[in-house]
Structure formats: C-alpha cells, structure tokens
Amino acid sequence: MTANLADDIADRLQKIEHKIAQSMTQLDQQAQHRPVRLVAVTKTFSAEIVRAAYAAGIRDFAENKVQEGIAKRLALSDLTGITWHFIGAVQSNKSRKVLENFDWIHSVDSLKLAKRLNQQAQELKRCPTCCLQVKLALDPTKSGFEPDELLAALPELSQLTDLKIAGLMAIAPYGLAASQTQTVFERGRDLAQQVSQVAQQQGWQSVHMNELSMGMSGDFEEAIAAGATLVRIGSGLFGQRS
Ligand SMILES: *Cc1c(COP(=O)(O)O)cnc(C)c1O
C-alpha cells in the first residue's frame, strides 16, 4: 500500500464527512438524529485500495458482486472490525454465499428473495441485518418493491422471523435536479414511517424501520436531508470506476 493512496482517501473522506455533518445541521433541530453511517463502496477497486481506506479509518465496506466481495474479504482477513455490506442484486443461487459472507444485505428486493434468505438464515443460524429495497420512482432499470407491493407483502414479511429487517434501501433515478432527488428520498422516509406504524399496530416484532440506506456520491446530501442513516459512497472516495 502506498502512503499516498491512504492520504488521498483520507482527504476525500474528510471532505465527505464535513459535508455529511453540514447536511445534518440542516435537519430539524427538534428531532433526535443518529449519526449517519458512511459505507464505502469498493466494487471494482482492489483489495489494496480497501486496505488503504481501512488505514484512513473506514470500517464499513460494500460490494455488489458475491465472488468479488468474498475474494476481498479473504485478502483482508488480517484486518479486524470490518462490517461487510452487500448492495447488489442477490441471485438465488448465490443467496447462501451472501448470507455466509456479509453482515448486511441492503438489497432484499422481493418477497421471494426474502423468503429464501429467511429459510437459509435459519439453516445457517446466521442472520445479517437486512434492508428492503424499494422503488421510489418510475425507473425500469431499478429493482425493488413498489410501495404498494411492499405494504401488501408486510403480513408475509412479518412471518420471516429469521431475517433481521432493519429498514429500507433506495436508489434515486439518475439525472434529477437536487430538489427532485430529495423528494424521492422523502418518499422513502415516509414509506418507512408507514411500514413502522403498521408493524406497531399489528404487534410485529420482526419488522423494524430504523435504517434508511439512501444516497450515493452524487446525492448523499439530499438523502441525509430526507433522513438517511446509511450513505453508500464509492466514486466520491475512490475516484471513477473504469
Ligand atoms: C455503486 C453503488 C453505489 C456507489 O455509487 P457512487 O456513485 O460511486 O458513490 C451505491 N449504491 C449502490 C447500490 C451501488 O451499486
């Protein structure tokens, strides 16, 4: 690892953390807000870059491909205290490996996948923290629950007691104005509140809505303004992916 690489990442990290802090000051002063967790998205970047980011103090890393993530985990098994996040589409033949190798799954995008993960989590006695991925705007390229579909699936989701459902994840469509992006993320916040109310009314212990995984390098400030608790930052820390 070159010292320069770690320094570059540390510089970028400091700037992003500053922006995160700024965005949080805009939030309603009345409300109690938890610190926003920065998850570094290292897909396509080498294990050495992850090591440099670790040296800069980052402990949350996200990957979107199972094999790539496992390879980096193995290459970095000497580093302690890392939380590994999975943020990509979970193919059904890879779901077991995702459960075995990641601490969080942000991309639970269908009832079918949730059921499969629940079954396998029970078998493996391993229960990562899960976010339900939701589609908050018309965007044919994104997967996830439509809001209505999510509400309709809640009774079944509430039965999946081997899954730790912690909140929602969303990706905003590309190319919107900042204010429109923020409106999209606010829809995510409102949906989480709605789900949380239903869960409370029904007495479901297994569905929690404390986490909102929203915001990437280009829109994390809008996401934080809408209440994001985790932001997923790749290019802003590591540069453009080739
Ligand atoms: C790649 C990716 C990110 C990070 O995107 P950047 O724009 O590089 O910050 C965040 N979330 C998901 C789901 C991704 O696939």
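Keep in mind the model is a prediction, meaning the values are calculated, not measured. For ligands, and for the atoms within them, numbers begin at 1 and follow the listed sequence.
- Distances from ligand 1 to the non-hydrogen atoms of R241 include at least one value under 4.0 Å.
- The aromatic rings of W84 and F61 sit tilted, their planes meeting at an angle between 30° and 60°.
- Formation of a donor-acceptor pair under 3.5 Å by the T183 side chain with backbone atoms of S179 is found in this model.
- Distance alone, capped at 3.5 Å, is enough to place a donor-acceptor pair between the K72 side chain and the T42 backbone.
- Counting side-chain heavy-atom gaps under 4.5 Å among Ile, Leu, Val, Met, Phe, Trp and Tyr, the cluster of V41 also holds I87.
- The proximity of K43 to ligand 1, defined as any non-hydrogen pair under 4.0 Å, is limited to the side chain.
- Looking at I87 against ligand 1, both its backbone and its side chain come within 4.0 Å, counting heavy atoms.
- Ligand 1 places these atoms under 4.0 Å from at least one heavy atom of I233: 9 (O).
- Near R232, meaning under 4.0 Å from any of its heavy atoms, are these atoms of ligand 1: 4 (C), 9 (O), 10 (C), 11 (N), 12 (C), 13 (C).
- Annotation: atom 9 (O) of ligand 1 to nearest protein heavy atom, S217 OG, 2.5 Å.
- An N or O contact shorter than 3.5 Å links S235 to ligand 1 by distance.
- In terms of protein heavy-atom proximity, atom 10 (C) of ligand 1 is nearest to M216 SD, 3.2 Å.
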Only pairs under 3.5 Å count here: list side-chain donor-acceptor contacts from residues 233-241, not counting sequence neighbours, and write none if there are none.
| residue | atom | partner | partner atom | Å |
| --- | --- | --- | --- | --- |
| S235 | OG | S217 | OG | 3.4 |

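- No side-chain donor-acceptor contact under 3.5 Å links R232 to the backbone of H106.
- Between G218 and ligand 1, no pair of N/O atoms sits closer than 3.5 Å.
- Note that the CD atom of E146 and the CG atom of L138 stand 7.5 Å from one another [nearest 0.5 Å].
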